Amino acid sequence: MYQTQRQTTRPQITAHLAQTMTLLTKAVEELNEEIEKELAANPALELNEELHCPMCNRIIPRNGFCTYCTKPKSMSADETVVFISLRNDFISRSDNYDEDMQDEQMAVMVEELPAIILRQIASELKIEDRPIAAYLLNQLNEDGLLLINFEELTTYFHVPMERIKKVQNLIQHADPLGVGSSTPQEALLIQVEVLSEQRNIPSAVKEIILNGFSLLIHENYREITKKLKISQDAVKSAVEFIRENLNPFPTRANWGNERQPDSFGKNVYLQPDVFISHLNNDEKNPLMVEIIMPVRGTLQLNPVFKEGMKQAEGNVREEMKEDLEKASLFIKCLQQRNNTMQRLLERMVNSQKKYILHGEKYLKSITRAELAKELGVHESTISRAVANKSVKLPNGEIVPLAKFFERNLNIRAMIHEIINKESKPLSDTQIMEMLKKQGINIARRTVAKYRSMDGVLPAHMRKNK
DNA sequence: CTATGGCACGGATT
DNA sequence: AATCCGTGCCATAG
């Protein structure tokens, strides 16, 4: 149920395109930069352009998978086997640009976006308005926004402003919802408007976008509560909703080529760092976990440098030795980090399999601290590994990895279920009692809180079914 | 009197 | 140290 809801918020075309793009996540990029920096600073470090699979150490083709590790050895029919495969398909930005796929894909986006939109709105577009639509679509900037002067257009086309606005409005309702808006704010409002037809939206969302937009951008939530006289909870759920479902730059986050963070300071959700899917997309097959790795070669100690050190003398020799040690430490750190990520996911996927396959209701609550203990690493290691990463689930939903650690999601999902199932509206107290029967003890106040977090109206305002 | 939302406290988590 | 979370208490609306 939730899946279908989510999917409608992410139009299919964008999902499709996003899949075909080379994905370069922020987390990965940071790591790549880190590597570049170290590489430049330390002569003892060398980059071997051949790609080795970090698991089995076989050489694998650029942009390729390690087929050995990608294929499960024995496929049991019903039991879901989990294994990890790593993918090294990252190209450094400084690489020769014209040969990269990336350029091609950019071109695809730039050329086709207007066409895609035009096709969508064609049936509703009056023939005489076509030139206007075409012009507007060609002026879209890379964020999918329309930063042009409308007054000039009226003289240019010799038509009233109203007509141009009408065309714009058509465009705004096309697939990357909100494209062609003049401001991010406008784009958000369109998205809210459309989404509210399909599902409940926390009540404060619109208000915040309308009247607290600049505060929202600066993450100044306390001011929002004050200025708009909205409760903390309401603001919180609204912001949560906005982050997860709305997108101020209609084309940007969807096929994240942009490096800057979005206006909320985080661009986490739409570019997965980890893919979880069934092998060959067949539900009978085991789950496969792909971790996107920041590798475009294998880091190693530079053998020439090593040789050189042997012959050097005195201070020079000491310095070189230091470099060498640093380099070796760096490599170890990276390996460690990769290793942690791998074990972390292995553990997560195994214990949260039900959630991954059957939805939020089955999410088990695990804290990072527990997991850290289990894996024998420090808590902060887990925290860092989880932060700013997102996962693509088999059903296509992209969620932050942190969601795996949300303690109350399952209960919230159960509340949804109860509310959707019962014919007459249940009060919070009644819901609480129903939960108690299912072995969940929470306070009435808490039920109320979860309810409002998800934008569900109180009992007396819900309608009988 | 019942249902719900606001505020703020204390303990857990990061 | 900072933030998050569940809850209790109280105010308000109906």
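Since this is a predicted model, take the numbers as computed values, not measurements. Values reported hereafter were calculated over all heavy atoms of this structure, with side chains retained and with hydrogens, waters and symmetry mates removed. The chains referred to below are lettered A, B, ... by the order of the sequence lines, with proteins before strands, and numbering in each begins at 1.
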Using a 4.0 Å heavy-atom cut-off across all strands, classify A/R445 as base, sugar-phosphate, or nothing.
base

Could you check how far CG of A/L426 sits from C1' of B/dA3, rounded to whole Å?
13 Å

Choosing from B/dT14, B/dA8, B/dG5, which nucleotide comes nearest the side chain of A/K449?
B/dA8

At 4.0 Å (heavy atoms only), tell me whether A/A459 reaches a base, stays on the sugar-phosphate, or touches nothing.
sugar-phosphate

Over how many whole Å does the gap from A/R451 atom CZ to C/dT7 atom P extend?
16 Å

Whether A/R347 and A/E374 form a salt bridge (side-chain N of Lys/Arg under 4.0 Å from carboxylate O of Asp/Glu) is what I want to check.
yes

In this structure, which one of A/N410, A/L363, A/V349 forms a side chain to side chain contact (heavy atoms under 4.5 Å, CB included) with A/Y355?
A/L363

For A/N408, answer base if it contacts any base atom (sugar-phosphate contacts may also be present), sugar-phosphate if it contacts only those atoms, and nothing otherwise; contact means non-hydrogen atoms under 4.0 Å.
sugar-phosphate

So that I can tick it off, tell me whether A/E34 and A/R337 are bridged by a salt bridge, with the cut-off set at under 4.0 angstrom between side-chain N and carboxylate O.
yes

Describe the nucleic acid contact of A/I442 in one word from base, sugar-phosphate, nothing, applying a heavy-atom distance below 4.0 Å.
sugar-phosphate

Presence of A/Y450 side-chain N/O under 4.0 Å of C/dC5 phosphate oxygens OP1/OP2
no

Side chain proximity check, A/R444 to A/M432, heavy atoms < 4.5 angstrom:
yes

Between P of B/dT4 and CE of A/M432, the distance in whole Å
12 Å

When A/S383 and A/P458 are each assigned the nearest nucleotide of DNA chain B, the 5'-most assignment goes to A/P458

Of B/dA3, B/dG6, C/dT7, the nucleotide closest to the side chain of A/S231 is B/dG6

note: A/R368, atom CZ; B/dA12, atom P; distance rounded to Å ~ 18 Å

What is the distance from CD1 of A/I415 to P of B/dT4, rounded to the nearest Å?
12 Å

Heavy atoms only, 4.0 Å cut-off, all strands: where does A/R407 land among base, sugar-phosphate and nothing?
sugar-phosphate

Is the closest side-chain heavy-atom distance between A/I208 and A/I230 below 4.5 Å?
yes

What is the distance from NZ of A/K236 to P of C/dT3, rounded to the nearest Å?
13 Å

Please classify the nucleic acid contact of A/R384 as base, sugar-phosphate, or nothing, using heavy-atom distances under 4.0 Å.
nothing

Name the nucleic acid region contacted by A/T446, choosing base, sugar-phosphate or nothing; use a 4.0 angstrom heavy-atom cut-off, strictly under.
base

Atom CE of A/M461 to atom C1' of B/dT2: distance rounded to whole Å?
17 Å

Euclidean distance, atom CZ of residue A/R444 to atom C1' of B/dG6 [Å, nearest integer]
11 Å

I want to confirm an ordering. Mapping A/F405 and A/A234 to their closest nucleotides on DNA chain B, which one lands closer to the 5' end?
A/A234

